[in-house]
Q: 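Right, I'll just put the structure down here and ask away after.
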Number of protein chains: 2
Amino acid sequence: MVREDEFVALCRSHGLAATHQRRVIYATVASLHGHPSPELIYEKVKKKIPSISLATVYNNVRTFLASGMLREVSMHHGSLRVEPNNHEHHHLVCVRCRSITDLHAKNLGLLRLKTQPRGFRVTRIAVDVLGICAACAAKEVSK
Amino acid sequence: MVREDEFVALCRSHGLAATHQRRVIYATVASLHGHPSPELIYEKVKKKIPSISLATVYNNVRTFLASGMLREVSMHHGSLRVEPNNHEHHHLVCVRCRSITDLHAKNLGLLRLKTQPRGFRVTRIAVDVLGICAACAAKEVSK
DNA sequence: TTACATAATGATACAAAATATCAGATAATA
DNA sequence: TATTATCTGATATTTTGTATCATTATGTAA
């Protein structure tokens with residue numbers, strides 16, 4: 001379990017109120033050692049706080065993502081996005097507006113696994129270069 | 001526009017019936033030169049085939065993904081997945097069951113951009129190693 | 001080319017995932 | 001402690017995606 005005083009300091013440093021719900025949600029994600037969805041987090045947290053609302057879990061997961069206390073496993077574009085299966089390339093993804101731009105594979109240094117993961121047959125390596133796009137950077141300056 | 005005979009051959013090689021709807025959907029994705037969602041594809045296709053159903057677009061996008069004629073921009077886990085923002089690591093993602101496993105960063109060769117993308121402030125590089133996990137490979141053999 | 005079996009389409013209902021709203025409760029701070 | 005700002009939880013709504021199934025179109029073989 002996350003220590004009370006540590007959690008208060010963590011929230012403080014991110015400008016967040018240190019509520020009981022937040023502590024339990026955060027501790028639950030930490031304890032799961034996996035890649036839980038908000039629904040799963042909700043199920044687990046409900047055992048500690050039966051009255052908690054799914055909306056609160058969603059709110060706080062979003063808050064934690066925004067503050068960097070949690071991060072997304074892979075960038076989630078809201079809805080499915082597809083592309084022609086043509087040339088090998090990767091993507092620049094803006095963490096603010098979620099816009100996606102192609103990045104030619106040759107712009108990335110040699111990409112290979114040092115050791116093959118046991119029992120996993122690799123078919124492709126997809127790289128997301130995350131950051132802030134020019135448009136979002138411009139908005140930030142103007143604030 | 002994708003040529004009729006080419007498209008027929010492409011479908012044939014994937015064991016798919018070459019319907020008019022499929023041709024228009026496929027051509028639309030190719031013409032967009034981006035990373036469209038099924039909703040956007042639907043909007044565009046509807047201009048050519050006003051009677052088309054959203055379900056048909058979804059069906060065929062899924063069919064094209066399964067056959068490899070299209071691919072997903074980034075693996076989509078159905079719902080948002082989060083993790084503690086702790087140590088640097090990447091992910092093994094099974095393209096069949098969508099399970100996610102951590103992959104220590106040191107198992108991946110040096111990862112860097114040869115040229116910084118103009119106007120894009122990079123904050124992190126996330127790598128998804130895509131493939132078939134052991135459980136799914138086992139299922140496949142037993143078929 | 002026609003006939004037939006198979007597969008795809010489109011309308012619709014449904015389910016899942018996520019967001020918005022807002023009154024009341026709780027936490028931060030002075 | 002009192003006051004203000006923020007958060008919570010209930011609920012409604014939106015968005016995204018899937019299931020069902022009668023009708024229609026496609027592929028194949030005679």
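Values below: every heavy atom of this structure, side chains too, minus hydrogens, waters and symmetry copies. Here is how names work: the chains are called A, B, and so on, in the same order as the sequence lines, proteins then strands, and each is numbered from 1.
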Q: Mind listing the closest non-hydrogen atom pair of A:Tyr42 and A:Leu54 along with its distance?
A: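 Scanning both residues completely, I find the closest heavy atoms to be CE1-N, 3.4 Å.
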Q: Could you write out each protein N or O paired with an N or O of nucleotides 17-22 of chain D at a distance under 3.5 Å?
A:
residue, atom, partner, partner atom, Å
D:dG17, OP1, A:Leu80, N, 2.8
D:dG17, OP2, B:Tyr58, OH, 2.7

Q: In whole angstrom, give the distance that lies between atom CG of A:Asp5 and atom C1' of C:dA27.
A: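 The distance from CG of A:Asp5 to C1' of C:dA27 comes to 17 Å, rounded to the nearest Å.
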Q: Whole angstrom is fine here: how far is it from CG in A:Asn60 over to C1' in D:dG9?
A: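 Rounding to the nearest Å, CG of A:Asn60 and C1' of D:dG9 are 12 Å apart.
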Q: Go through the steps to decide whether B:Val95 and A:Arg124 satisfy the test side chain to side chain contact (heavy atoms under 4.5 Å, CB included), and finish with yes or no.
A: CA-CA 10 Å; B:Val95 298; A:Arg124 185 160 73 91; over 6 Å; no
Q: Do any N or O atoms of the protein come closer than 3.5 Å to N or O atoms of nucleotides 27-29 of chain D, and which pairs are they?
A:
residue, atom, partner, partner atom, Å
D:dG27, OP1, B:Ala18, N, 2.9

Q: If only atom types and distance count, is the side chain of B:Arg112 paired as donor or acceptor with the main-chain N or O of A:Gly109 below 3.5 Å?
A: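 Not at all, since once roles are kept as given, no pair shorter than 3.5 Å links the two residues.
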Q: In terms of side-chain heavy atoms, does B:Asp102 have a donor or acceptor partner in A:His35 at a distance below 3.5 Å?
A: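 Present: a donor and an acceptor within the cut-off.
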Q: Give the ring-plane orientation class for B:Tyr26 versus B:Phe7, where under 30° counts as parallel, over 60° as perpendicular and anything between as tilted.
A: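 B:Tyr26 vs B:Phe7 ring planes: tilted.
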Q: Over how many whole Å does the gap from B:Gln21 atom CD to D:dT23 atom C1' extend?
A: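 Rounded to whole Å, this separation is 13 Å.
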Q: What is the distance from CZ of B:Arg81 to C1' of C:dA16, rounded to the nearest Å?
A: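 The distance from CZ of B:Arg81 to C1' of C:dA16 comes to 14 Å, rounded to the nearest Å.
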Q: Figure out the CD/C1' separation between B:Glu72 and D:dT16, and round it to whole Å.
A: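 After rounding, the gap between these two atoms is 14 Å.
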Q: Spell out, as yes or no, whether a donor-acceptor pair under 3.5 Å connects the side chain of B:Thr28 to the backbone of B:Lys44.
A: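 Not at all, since once roles are kept as given, no pair shorter than 3.5 Å links the two residues.
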Q: Passes side chain to side chain contact (heavy atoms under 4.5 Å, CB included), A:Leu130 versus B:Ile125? Steps please.
A: CA-CA 6 Å; A:Leu130 308 178; B:Ile125 298 184; over 6 Å; no
Q: Hey, does the side chain of A:Ser53 come within less than 4.0 Å of D:dT8's phosphate (OP1/OP2), counting only N and O?
A: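 No, no such contact exists.
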Q: Identify the heavy atoms of B:Arg96 and B:Cys136 that sit nearest to each other, and give their distance.
A: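 That closest heavy-atom pairing would be CB-SG, 3.5 Å.
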Q: Figure out the CD1/P separation between A:Ile25 and D:dT8, and round it to whole Å.
A: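 Answer to the nearest Å: 7 Å.
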Q: For the pair made of CZ in A:Arg22 and C1' in D:dT8, what is the distance, rounded to whole Å?
A: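 Answer to the nearest Å: 10 Å.
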Q: Using only atom types and a distance under 3.5 Å, with no angle test, would you say the side chain of A:Asn60 pairs donor to acceptor with the backbone of A:Arg22?
A: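 No, A:Asn60 side chain to A:Arg22 backbone: no donor-acceptor pair under 3.5 Å.
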Q: Return the value, rounded to whole Å, for the distance between atom CD1 of A:Ile52 and atom C1' of D:dT11.
A: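 Distance check: A:Ile52 CD1 to D:dT11 C1' gives 16 Å.
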